[in-house]
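What follows is one structure encoded as C-alpha cells, with my remarks underneath.
Lettering of chains follows the sequences in order, A, B, ..., and the numbering in each one begins at 1. Side chains are part of it too, since the values below use all heavy atoms of this structure and drop only hydrogens, waters and symmetry mates.
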Amino acid sequence: MAKNLVIVESPAKAKTIEKYLGKDYSVKSSFGHIRDLPKKGMSIDIAKNFAPTYEISPEKKKVVAELKKALKGAEVWLASDEDREGEAIAWHLCEALKLDPKKTKRIVFHEITKSAIEAAIENPRTVDMNLVDAQQARRILDRLVGYELSPVLWKKVRPGLSAGRVQSVAVRLIVEREREIKDFQTQSSFKVTATFHTPEKAELPAELTDKIVDEEKAEAFLQACAGATFTVKDVATKPGTRNPGAPFTTSVLQQEAARRLGYSVKQTMTLAQRLYENGHITYMRTDSTILSGLAIKAAEDYITKEYGAQYHQVRQYKTKDKAAQEAHEAIRPTDFRKVAAGDDPQQKKLYDLIWRRALASQMAPAQIDRTEILIDVSDRTEQFLGKGEIVKFDGWFKVYGGGKEDVLLPPVQVGEKLALQAAEAHQTFSRPPARYGEAGLVRKLEELGIGRPSTYAPTISTIQTRGYVEKGDLQGEERTVVHLALLKGAVLRDEQTEVHGADRSKLTPTSAADVTTDFLVRHFASVVDYDFTATVEEDFDAIADGKRKWEDMLKEFYKDFHALVKEGENVSREETSQARVLGPDPKSSKPIIARYGRFGPMLQRGETESEEKPDFAPLPEGVDLEDVTLEQALEMFKLPRTVGTTEQGEEIKSNIGRYGPYIQIGKLFVSIKGHDPMKITEEEARELYAAKLKQEAERHIADFGKIKILNGPYGPYVTDGTKNARIPKETDATKLTETDAKKILDEAPAKKRFGKRAAKK
DNA sequence: CAGTGAGCGAGCTTCCGCTTGACTT
C-alpha cells in the first residue's frame with residue numbers, strides 16, 4: 001500500500017497524475033461530489049440557522065467505501081479543483097472519511113504537468129472553510145428556491161412542473177424572445193445595386209450607401225440613373241488586421257460545434273468526454289481561456305515548424321467572464337503534433353475543431369487590405385459604394401476558417417467617369433430577433449452569469465423534459481418580393497416569392513412555459529430577475545472572503561422569498577390558468593372559456609362551479625391560448641362527430657384525443673393522423689378501420705384468453721392486459737404454450753412507474 | 001417509443017453542481 005493517497009475529482013486526471021508522482025503515491029478519484037442533500041425532502045432546518053442534513057449520495061457509496069479502504073495507513077492529500085465546488089468536495093471528503101479538515105493536506109494545481117503537481121505537493125494548505133461556506137450557501141439557496149417554488153407550480157399551474165434559479169430564467173428568455181418575434185413589425189426597403197465599367201472596361205460592382213424605403217422612390221431613382229453620369233468621388237485603401245479568437249471554453253465550444261458541425265449541446269459534450277478520457281484533449285468543462293506555459297511553447301514549436309515563424313504570435317487570453325472560477329485550462333489538444341484524434345468521424349471532427357481553434361489562438365493576425373470606392377450620381381445626393389477586400393497575409397486564417405474569397409476592385413482614379421452597365425433594386429425586409437438554439441441559449445445564460453459549464457447541457461434537457469420548451473425545425477412562410485431592374489432606360493418590375501422564417505432546430509416555448517413564466521414574473525419577480533444570480537454571487541463572494549456569515553445571508557434572502565411563497569399560494573387558479581371567456585355558446589348559452597388546465601391548454605364549455613358539469617375540448621392544432629377565437633372554439637365542440645357506419649352497421653365516431661385525431665368503433669380506437677376528424681368521410685374511415693383490423697390480426701401470435709402473445713415494435717411480447725414482458729430472442733414466440741407465457745410474465749421485472757409525459761402545446 | 005382516448009380523485013412530482021458509468025428507457 002502506498003504511503004500517500006491523493007484524491008482528485010476526475011478518474012482520467014487521477015491516471016495522469018499517478019504517472020507523474022511515482023510509487024509512493026496512489027491517486028484516486030471521488031467522481032465529483034460524494035455527499036449532498038437527500039433528493040427527497042427539503043433536508044434544511046430553517047429554524048436552526050438553515051442547518052443542512054447531508055447524506056452520502058446513493059450512487060457514491062461504493063466510491064466512499066473504496067476511498068476508506070485506500071486511506072488506511074496513508075497520508076491523504078485532497079486535490080479537488082480550486083473553486084467553490086472543489087473546496088466543498090474536499091470538506092465533504094473530510095466529513096465522510098473522518099479526516100480532520102484543520103489538519104488534512106489540501107493541494108491545488110491548474111494544469112496537469114509534472115512541475116505543477118510537484119510544486120503543489122511542496123505547498124499544501126488546509127481546507128478553506130470560508131469557501132466551503134460559500135458553497136453551502138449556494139447549495140442551500142438553490143434547494144430552498146427549487147423545493148419551495150416547484151410545489152407552488154404544482155398547485156397553481158400543473159403537477160410535475162419545476163422552477164429554479166437557472167431553469168426558470170432559461171425558460172423566461174425563450175418565452176420573451178418568442179413574444180418579441182410575435183410582436184415584431186417587419187419593415188420593407190429597397191437595396192439598390194449597380195455594375196459600372198471603368199474607362200478600361202473593367203467591371204466595378206457597387207451598392208447604394210443607403211436603402212430606399214418605398215417602391216416609388218426606388219423606381220424614380222433607377223429612372224434617374226438612366227440619364228445620369230457617374231463620377232469616382234473617392235478611393236481609399238486601408239490596411240486592417242484580424243485577430244484570432246481565444247481557445248475554447250465549454251460554451252464557445254458548444255456554439256462553434258453547433259454552428260460548424262451541427263452538433264447538439266449534449267452531443268458535443270459526450271464526444272468531448274471521450275476525447276478527454278482518451279487523453280486527446282484537456283478537460284472539457286471549463287470557463288477559462290488560459291493556456292499553460294507548456295501548451296504555449298508546444299504551439300509555438302508546431303507553428304514555427306509547420307508554417308514558419310512569421311505565422312506565430314504568443315498570446316495569453318484573459319477570461320472575460322467575471323463569474324469564471326478558472327479551476328481548469330482552456331480546452332485544447334494535449335499534443336499539438338497530433339493532427340487527428342478520435343474513435344469515430346464525429347469525435348474526429350470535434351477534435352479537429354478544438355485543435356484548430358487552440359492553434360489559431362497562438363498565430364499571427366491576418367492582414368487585410370480593404371478598398372472603398374465612392375461614386376457620385378449627377379444631380380442626386382445618393383452615392384454608390386464599391387467595396388473590395390484582399391487578404392495580404394492569411395495568418396491564423398490558415399487553420400481556423402475566416403476564409404472569405406477576395407473581392408478585387410479594378411484600379412480607378414478620382415474624377416474618372418464610369419459607365420453604368422446595370423442597376424436594380426431588390427426589396428428587403430427587416431428581420432425579427434432570432435430564436436434561440438441550444439448553444440445560443442447557453443451563450444446568453446453565460447453572459448448573464450447563470451449556470452456553470454457542467455450544467456449547461458443538463459439545463460437544456462431539463463427545460464425540454466419538463467415540457468417548457470420544444471426543439472424543432474420551423475416551417476417558414478412565403479412572401480412576395482418586388483424586384484426592379486433598369487433595362488434600356490426603362491424600369492421593369494417583377495415579383496418573386498421567397499420563404500422567410502424557416503429555421504433548423506430552434507427552441508420554442510410551450511403554453512406551459514407561457515403560463516409559468518407569467519406567474520413567476522408576476523409573483524416571484526426577484527427570483528426570475530436576470531440579475532438575481534449575479535446579485536447572490538456577490539454575497540457568495542463576500543462569504544468566501546470571510547466578510548459575511550452564510551447563515552445571515554440565507555436568513556436575509558429567505559425572509560423575503562418565503563413571504564412571496566406564502567402570497568403565491570393565495571393566487572387564484574383562474575388567474576394563473578389565464579382563463580379567458582371567448583363568448584357564449586349560441587346553442588346552450590353557456591360560456592366558452594379558453595384556459596390552461598391540469599393537463600395543458602384546453603377549451604371549456606360551462607362554468608366549473610355550476611351544477612351541470614362543463615365539457616371540454618382541445619385547442620385546434622397550432623393555435624395558442626391567447627389567440628384562439630370563439631369560432632375556432634365552437635368548431636372543436638362539434639366533436640365527437642358521427643362519421644357514419646361500418647359495413648356491419650356499427651357507428652363510427654371521430655374525435656381528437658391526447659394522441660391526435662382518431663375514430664372510434666365500439667371500443668376500438670383507430671388513430672387517423674393526417675386526417676381532419678371534422679372532414680373525414682365514411683369511406684375513408686371504413687378503409688382505416690379495415691386496415692386496423694388487419695393489423696390487429698397480425699399482431700396476435702397467440703391468444704390464451706387473458707394472456708396474449710403479441711407482436712410489438714421491439715419484437716414479440718407477452719401481456720396479461722396490465723403487465724408486458726419481452727420474449728427472449730432465442731425462443732420462438734409462435735411455439736410458446738400458455739404456461740411458458742405465464743412463466744415469462746412472472747419472471748419479468750415489475751413495471752416501472754414513470755411520470756406522465758409532458759403535454760404538448 | 002408498444003397502446004393509450006380523461007378532465008381535480010391517491011400519491012407523487014422538484015433544485016444546482018461536481019463527476020462517470022450502466023446494460024436501457
Side-chain angles (χ1 to χ4, degrees), chain A residues 8-14 29-37 39-44 57 59-60 62-63 80-81 83-89 92 135 138-155 158-168 270 273-274 276-277 283 285 325 327 450-456 458-459 462 466 533 573 597-600 602-604 608 613-618 640 653 655-664 667-671 696 699 710-717 719 721 724 726 752-757:
Chain A
V8 295
E9 292 182 37
S10 149
K13 207 164 156 181
S29 149
S30 75
F31 293 81
H33 274 294
I34 51 153
R35 294 208 314 173
D36 192 13
L37 300 169
K39 243 182 98 120
K40 245 186 117 41
M42 185 64 86
S43 311
I44 297 165
S57 310
E59 75 274 15
K60 296 294 169 58
K62 250 174 99 175
V63 174
S80 45
D81 298 342
D83 58 16
R84 202 161 64 201
E85 298 298 326
E87 204 66 22
I89 289 174
H92 279 298
Q135 192 274 348
R138 197 282 302 157
R139 180 68 190 92
I140 293 168
L141 180 130
D142 281 335
R143 172 55 68 93
L144 289 169
V145 170
Y147 275 36
E148 287 209 2
L149 220 42
S150 300
V152 180
L153 295 183
W154 302 342
K155 276 183 230 145
R158 199 176 83 192
L161 289 178
S162 63
R165 176 175 58 81
V166 173
Q167 59 169 287
S168 296
T270 311
Q273 175 88 31
R274 289 283 101 73
Y276 166 69
E277 283 167 4
Y283 197 58
R285 287 184 278 262
Q325 312 220 356
I450 300 172
R452 310 259 36 242
S454 67
T455 59
Y456 296 142
T459 300
T462 299
R466 294 277 174 279
T533 293
R573 257 199 73 76
R598 239 174 115 72
F599 301 96
M602 62 170 198
L603 298 164
Q604 180 178 338
T608 314
K613 277 207 169 172
D615 48 350
F616 304 91
K653 285 187 293 186
N655 203 353
I656 298 174
R658 258 202 289 183
Y659 315 100
Y662 65 94
I663 51 170
Q664 185 177 7
K667 278 184 181 168
L668 184 74
F669 294 87
V670 184
S671 176
E696 276 291 301
R699 263 187 67 216
L710 305 174
N711 240 330
Y714 309 125
Y717 67 99
T719 181
N724 301 342
R726 285 190 88 136
K752 276 186 198 158
R753 294 297 308 165
F754 278 100
K756 262 191 201 123
R757 279 182 55 209

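With respect to Lys60(A) and Asp36(A), no salt bridge is recorded, no charged nitrogen being found less than 4.0 Å from a carboxylate O. Taking 4.0 Å as the cut-off between side-chain N and carboxylate O, Lys13(A) and Asp81(A) count as a salt-bridged pair.
Nucleotides dT24(B) and dA2(B) place their C1' atoms 15 Å apart, quoted to the nearest Å. The separation of dG21(B) from dT25(B), taken at their C1' atoms, amounts to 16 Å, rounded to a whole angstrom. dG17(B) and dC12(B) have their C1' atoms separated by 25 Å, given to the nearest Å.
Using a 4.0 Å heavy-atom cutoff across all strands shown, Ala88(A) reaches no nucleic acid atom at all. Residue Lys40(A) is classed as a sugar-phosphate contact, given heavy-atom separations below 4.0 Å to backbone atoms only. Residue Thr462(A) is classed as a sugar-phosphate contact, given heavy-atom separations below 4.0 Å to backbone atoms only. Residue Glu59(A) is classed as having no contact, given no heavy-atom separation below 4.0 Å to the nucleic acid. In this structure, Pro458(A) reaches neither bases nor backbone, as no heavy-atom distance under 4.0 Å exists between it and the strands shown. When heavy atoms are screened at a 4.0 angstrom cut-off, Arg165(A) is found touching the sugar-phosphate backbone but no base atom.
OP1 or OP2 of dG17(B) has at least one side-chain nitrogen or oxygen of Thr455(A) nearer than 4.0 Å. At the phosphate of dC18(B), OP1 or OP2 sits under 4.0 Å from a side-chain N or O atom of Ser454(A). Between dT20(B) and Ser10(A), a contact under 4.0 Å exists linking OP1 or OP2 to a side-chain N or O. Not one side-chain nitrogen or oxygen of Lys155(A) sits closer than 4.0 Å to the OP1 or OP2 atom of dC8(B). For the pair Arg285(A) and dT19(B), the criterion of a side-chain N or O lying under 4.0 Å from OP1 or OP2 is met. Look at Gln273(A) and you'll find a side-chain N or O under 4.0 angstrom from OP1 or OP2 of dT20(B).
In this structure, of dG21(B), dT14(B), dC16(B), it is dC16(B) that holds the atom nearest to the side chain of Arg138(A). The side chain of Gln167(A) approaches dC16(B) more closely than any other nucleotide in the set dC18(B), dT20(B), dC16(B). Distances from the side chain of Glu277(A) to the nucleotides dG21(B), dG7(B), dG17(B) place dG21(B) closest. When distances run from any side-chain atom of Arg452(A) to the nucleotides dT14(B), dT20(B), dG17(B), the shortest one goes to dG17(B).
The side-chain ring of Tyr147(A) is stacked on the base of dT14(B), judged by centre separation under 5.5 angstrom and plane angle under 30 degrees.
Rounding to whole angstrom units, CD1 of residue Ile44(A) and P of dT14(B) are separated by 17 Å. The distance between atom CZ of Arg466(A) and atom C1' of dT13(B), rounded to the nearest whole Å, is 8 Å. To the nearest angstrom, P of dC15(B) lies 8 Å from NZ of Lys39(A). Taking atom CH2 on Trp154(A) and atom P on dA10(B), their separation rounds to 18 Å, with Å as the unit.
Applying the side chain to side chain contact (heavy atoms under 4.5 Å, CB included) rule to Tyr147(A) yields the partners Met42(A), Arg143(A); only residues at least two apart in sequence or on another chain are considered.
Nowhere does DNA chain B pair in an unbroken run of 3 or more (Watson-Crick or G-U, both distances under 3.5 Å).
Between Val166(A) and Gly451(A), the shortest heavy-atom contact is CG2-N, 4.0 Å.
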